S.K.: 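A single structure is presented below for examination.
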Amino acid sequence: MPELPEVESTVRALRPKVLGQTLLRAHALDPVFDPVPKSLSLPAQVRALERRGKYILFGLGDLWLVVHLRMSGRLLWEEGQARPPHTRLVLEFPQGNVLFVDVRRLGTVEVVPEFTEELGPDALSDLSFLPEALKGSRAPIKVWLLDQRNIAGIGNIYAAEILFRAGIDPRRPANSLGPRAVQRLKEAIPEVLTEAIEALGTTLADGAYQTPEGEAGDYEPWVYGREGLPCKVCGTPIERIELGGRGTYFCPRCQR
DNA sequence: TCATCCCTGTGG
DNA sequence: CCACAGGGATGA
């Protein structure tokens, strides 16, 4: 589910709840996360809450509690005793709890002294590296955008949305993009991601994603998940192909 | 660079 | 029943 806009929305909603607050206890409801409470020295004050790509980092004393939501994870803020199905980990604060909920159990929570993931520049940072970086790869541009070592934060929904906005066929090799296409891509990335953050992300029909306070995201994809439906710009049916093992949606007329 | 796997649920 | 799902690690 969660890509940069959903993760950023999650962090923004949680920051005022937990920044500077004291994590009193951590409680694993899934044996996979038993090591987490043990490896923390509690109570500890939350000195930072940050997003790096799609990772969420809680700064706790000298340690980082690192969360990756993968496909179906989410963090909820719960002031009562409610424990939704598939709650895996509870972080207890004086005024409420942060719940890590994850149906598919692909998400990860780790405690580390240092964050060492090898991530490319954040998708919302300065993108002037793009032209040179793209020259070095023959991978389809959509596959390139999904590789977090190239650029961090873009996932399957927004890769499709960004390439639609930029008018680029997702199958084109990265190194085949001319200067004008690269420029459009460079502009489309922050435009799409910023709009999605303002909408609090994308909540698909299954309703799996919600903000920590239970709100749905309002972003409405132009192409993602719209196979066979008319392109909102030109009316041509949206196509679905497979790229890099993932479903890939695009408008064959608007994207070349 | 690809398929495969991790895991669970839903929809066709 | 099978296909597919917002992500990513792994090994061939």
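Nothing here was measured: the structure is a model prediction, and the numbers come from that model. Numbers restart at 1 for each chain; the letters A, B, ... are given by sequence-line order, proteins then strands.
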S.K.: Between A:Val66 and A:Val46, is there a shared hydrophobic cluster once you connect ILVMFWY residues whose side-chain heavy atoms come closer than 4.5 Å?
M.R.: no
S.K.: Just the rounded figure in Å: distance from P of C:dT10 to CD of A:Glu118.
M.R.: 12 Å
S.K.: CZ of A:Arg246 versus C1' of B:dC2: gap in Å, rounded?
M.R.: 14 Å
S.K.: For DNA chain B, just give me the dot-bracket, please: Watson-Crick or G-U, both distances below 3.5 Å, ( ) intra-strand, [ ] crossing earlier pairs, | paired with another strand, . unpaired.
M.R.: ||||||.|||||
S.K.: Say you pick atom P in C:dG11 and the same atom in B:dC7; how far apart are they, in whole Å?
M.R.: 16 Å
S.K.: Is the phosphate of C:dA5 approached by A:Arg70 (side-chain N or O, under 4.0 Å from OP1 or OP2)?
M.R.: no
S.K.: Are A:Glu187 and A:Arg184 ion-paired here, with the side-chain N under 4.0 Å from a carboxylate O?
M.R.: no
S.K.: Does a side-chain N or O from A:Tyr249 land closer than 4.0 Å to OP1 or OP2 of C:dA5, or not?
M.R.: yes
S.K.: Could you tell me how far apart A:Lys142 (NZ) and C:dG6 (C1') are, to the nearest whole angstrom?
M.R.: 11 Å
S.K.: So, A:Arg88 side chain and A:Asp102 main chain: donor-acceptor pair closer than 3.5 Å or not?
M.R.: yes
S.K.: Round to a whole Å and report the spacing from CG of A:Leu243 to P of B:dC2.
M.R.: 9 Å
S.K.: Rounding to the closest angstrom, what is the interatomic distance between C:dA3 and B:dA3 at atom P?
M.R.: 16 Å
S.K.: Can you confirm whether more than 12 heavy atoms, excluding those of A:Arg47, are under 6.0 Å from its CZ atom?
M.R.: yes
S.K.: From the options C:dC4, C:dG6, C:dG8, select the nucleotide whose nearest atom is closest to the side chain of A:Lys54.
M.R.: C:dG8
S.K.: Say whether, by atom type as modelled, one donor and one acceptor occur between the side chain of A:Arg226 and the main chain of A:Cys231 under 3.5 angstrom.
M.R.: no
S.K.: Can A:Glu6 and A:Tyr158 be counted as having a side-chain donor-acceptor contact under 3.5 angstrom?
M.R.: yes
S.K.: Please determine if A:Arg15 forms a cation-pi arrangement with A:Trp77, meaning its NZ or CZ atom is less than 6.0 Å from the six-membered ring centre and no more than 45° off the ring axis.
M.R.: no
S.K.: How long is the line joining CD1 of A:Ile157 and C1' of C:dC4, in whole Å?
M.R.: 14 Å
S.K.: Among the nucleotides C:dA5, C:dG7, C:dA9, which one has an atom lying closest to any side-chain atom of A:Tyr224?
M.R.: C:dA5
S.K.: Tell me: CG of A:Asp102 to P of C:dG7, nearest whole Å?
M.R.: 13 Å
S.K.: What's the closest nucleotide to the A:His68 side chain, out of C:dG7, C:dA5, C:dA9?
M.R.: C:dG7
S.K.: Could you tell me whether A:Glu220 atom CD has more than 12 heavy atoms of other residues or ligands within 6.0 Å of it?
M.R.: no
S.K.: Taking the side chain of A:Arg240 as heavy atoms from C-beta outward, which of C:dA9, C:dA5, C:dG6 is closest to it?
M.R.: C:dA5
S.K.: For C:dG7, does either OP1 or OP2 sit under 4.0 Å from a side-chain N or O belonging to A:Gln148?
M.R.: no
S.K.: In whole angstrom, give me the gap between the P atoms of B:dC5 and C:dC2.
M.R.: 16 Å
S.K.: Given C:dG6, B:dT1, C:dA9, which nucleotide is nearest the side-chain atoms of A:Ala139?
M.R.: B:dT1
S.K.: Between P on B:dT1 and CD on A:Glu242, what's the gap in Å once rounded to a whole number?
M.R.: 18 Å
S.K.: Quick one: does any side-chain atom of A:Asp206 pair with a main-chain N or O of A:Ala208 as donor and acceptor, under 3.5 Å?
M.R.: yes
S.K.: Tell me whether the count of non-hydrogen atoms from other residues, nucleotides or ligands lying under 6.0 Å of CH2 in A:Trp64 goes above 12.
M.R.: yes
S.K.: In whole angstroms, how far is the C1' atom of C:dA3 from the CE atom of A:Met71?
M.R.: 13 Å
S.K.: Got a list of protein N/O to nucleotides 7-9 of chain B N/O distances below 3.5 Å?
M.R.:
from, atom 1, to, atom 2, distance (Å)
B:dC7, O3', A:Arg105, NH1, 3.2
B:dC7, O2, A:Arg104, NE, 2.9
B:dC7, N3, A:Arg104, NH2, 3.2
B:dT8, OP1, A:Arg105, NH1, 2.8

